[in-house]
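I have placed the structure first, in the form of structure tokens, so that the comments after it can refer back to it.
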Number of protein chains: 2
Amino acid sequence: MRPTCRTCAIRPSAVCRALPPEALDQINRLSHRKHLTAGRTLFAAEDGDHTVATVLAGVAKTSVTSADGRTQIVGLHFPGDFIGRPHAAGSANMVEAATDMDVCLFDKSRFEALLREHDGLSRLLMARMTEDLDAARQWMFLLGHKSAAERLASFIALCIDRLEPRCGADTEAKPASRIDLPLSRTEIGHFLGLTIETVSRVLRRLQTAGVIEIESGRGIRVVDREALAATASAATD
Amino acid sequence: MRPTCRTCAIRPSAVCRALPPEALDQINRLSHRKHLTAGRTLFAAEDGDHTVATVLAGVAKTSVTSADGRTQIVGLHFPGDFIGRPHAAGSANMVEAATDMDVCLFDKSRFEALLREHDGLSRLLMARMTEDLDAARQWMFLLGHKSAAERLASFIALCIDRLEPRCGADTEAKPASRIDLPLSRTEIGHFLGLTIETVSRVLRRLQTAGVIEIESGRGIRVVDREALAATASAATD
DNA sequence: CTTGGCGATTGATCCCGGTCAAACCGCGAG
DNA sequence: CTCGCGGTTTGACCGGGATCAATCGCCAAG
């Protein structure tokens, strides 16, 4: 009953979907799954790691830290996302598990061989990297110009978008949806370029405005998706 | 006397260097050079463009603009840089010439064919995209956590690093170096997440501090490289 | 020459979010 | 049960940079 690539639930949303069915057994041999508890380091900075990974469950974070200790989370990696730097020098930034998570690991050089062998995989990966770059640039806009409320709303919208269990069939809007935020208040601050206090205050303000409901700790319920989207992109209040 | 790939001065620093000499005539036929005056649009947003490019001279900027008019410059493209989104849907952001510039254009599908044909080109491009992503993430740190002075110093250091005419042989420090900034004050503001007034003031402050000298307009002379690097602090690496 | 336009500079004031400080809350250990 | 600890919330105050506004410098057109 050991899980294999054949039965992999996230394969349709992972880069592996570019591989033909015949290759599944091959990549099944090359990969191995691993469970990581929250906080565990996946790739260290300044470390010539030789692994790439696909997120199966949970969320990972990539962060940049300066000499004087300031930290910026520069990317989140949700289920289906690819993490790694094929054909590039080992990681420049640190990647850690933000929540408990499961990953599917490949040896980097083996994966590079796969890329050479399967053109579709190479193309899909390149498209993914382009998406990552677009996402990073969108976040640069957020960090450069958005107000605290816009930042929080954008962050919540992102999490809802990537984490809400979606039931393939119904695409129509739901009255309310709840998720557990994958980051602590401190981490949210580091992701949004805000302090923990501001995060807390603005979250509260969004709650009194009737946009969201904060459950104890990380639980959050979006009451008004419209208002959330509006707050994410427009001027405050 | 028409310039060709054989005599191309920036080829050593462009992705084309991954192509074997035998392929030079081939890519020479596939590419064509173009001059763009400052402000001209290279790729429009929301536009299924079918071109990719290498910067030969001058500087291009990629920017994100929100519905309400706020603009963020999310990337600069210096000579040798590759611009384009092979294997991905046409551009998400707008790319414009920041200064007068020369580019070398390829038809996107032809370039994709080249990628398939030449494995080394594919690998180098992937490495370049990884670098771009790293640069974007470094800039996210700047936008999220750096002070105005740190931002300006980082920006000037970046420009010096990429634009200063470097004489291959001598790597040792020079007493002073001057360049023309590739962006107007307004654009610098959009790149750094600051207002034009703050840019002006901080630049002045850096001058009175003896770090730089501002010549009329865009000309700038770095008097104290050490101090500049120190002001940029929080490692740009 | 004057005029007008655009970008840059400089000054005065305001406000959002940072900083400092003090509870508060849930939870596991003793 | 109490204690202590880490994460969170809340309040009071402060300051860096935004905003508003006036002026300057340069250059091209009249």
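Order of the sequence lines sets the chain letters (A, B, ...), proteins ahead of strands, with each chain counted from 1.
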- prompt: Between A/His145 and B/His190, what is the ring plane arrangement, given parallel below 30°, perpendicular above 60°, and tilted in between?
  reply: perpendicular

message: Tell me whether the rings of B/Phe191 and B/Trp139 are parallel (<30°), tilted (30 to 60°) or perpendicular (>60°).
response: parallel

Distance, rounded to the nearest Å, where [X] contributes [atom1] and [N] contributes [atom2]:
X        : N      : atom1 : atom2 : result
A/Leu192 : C/dC16 : CG    : C1'   : 16 Å
B/Ile196 : C/dC6  : CD1   : C1'   : 10 Å
B/Arg204 : C/dT10 : CZ    : C1'   : 9 Å
B/Asp180 : C/dA8  : CG    : P     : 13 Å

message: Taking side-chain hydrogen bond (donor to acceptor under 3.5 Å, both in side chains) as the definition, give me every residue that meets it alongside B/Thr186, ordered by chain and number, with sequence neighbours left out.
response: none

For residues 93-104 of chain B, which side-chain donor-acceptor pairs fall under 3.5 Å, sequence neighbours excluded?
residue, atom, partner, partner atom, Å
B/Thr99, OG1, B/Val59, N, 3.0
B/Asp100, OD1, B/Ala38, N, 2.7
B/Asp102, OD1, B/His35, ND1, 2.9

Under 3.5 Å: donor-acceptor pair, side chain of A/Ser13, backbone of A/Ile10: yes

- prompt: For DNA chain D, which nucleotides open and close the run of contacts to chain B, 5' to 3', at under 4.0 angstrom from a non-hydrogen atom?
  reply: D/dG17 to D/dA21

Identify the pairs formed between an N or O of the protein and an N or O of nucleotides 20-27 of chain C at a distance under 3.5 Å, and give each distance.
residue, atom, partner, partner atom, Å
C/dC20, N4, A/Glu197, OE2, 3.0

message: Please tell me if B/Ser200 has a side-chain N or O lying less than 4.0 Å from either OP1 or OP2 of C/dT9.
response: yes

query: Taking only N and O in the side chain of A/Thr195, is any of them less than 4.0 Å away from OP1 or OP2 of C/dT19?
result: no

message: Less than 4.5 Å apart, side chain to side chain, heavy atoms only: is that true for B/Lys61 and B/Pro182?
response: no

message: Filter on salt bridge (Lys or Arg N to Asp or Glu O under 4.0 Å), then keep only pairs touching residues 130-142 of chain B, sequence neighbours left out; what's left?
response: A/Arg85-B/Asp134

task: Using a heavy-atom cut-off of under 4.0 Å over every strand shown, decide if A/Gly189 touches base, sugar-phosphate, or nothing.
output: nothing

- prompt: Which pairs, with at least one residue in residues 195-228 of chain B and sequence neighbours excluded, count as a ring pair (Phe, Tyr, Trp, His ring centres under 6.0 Å)?
  reply: none

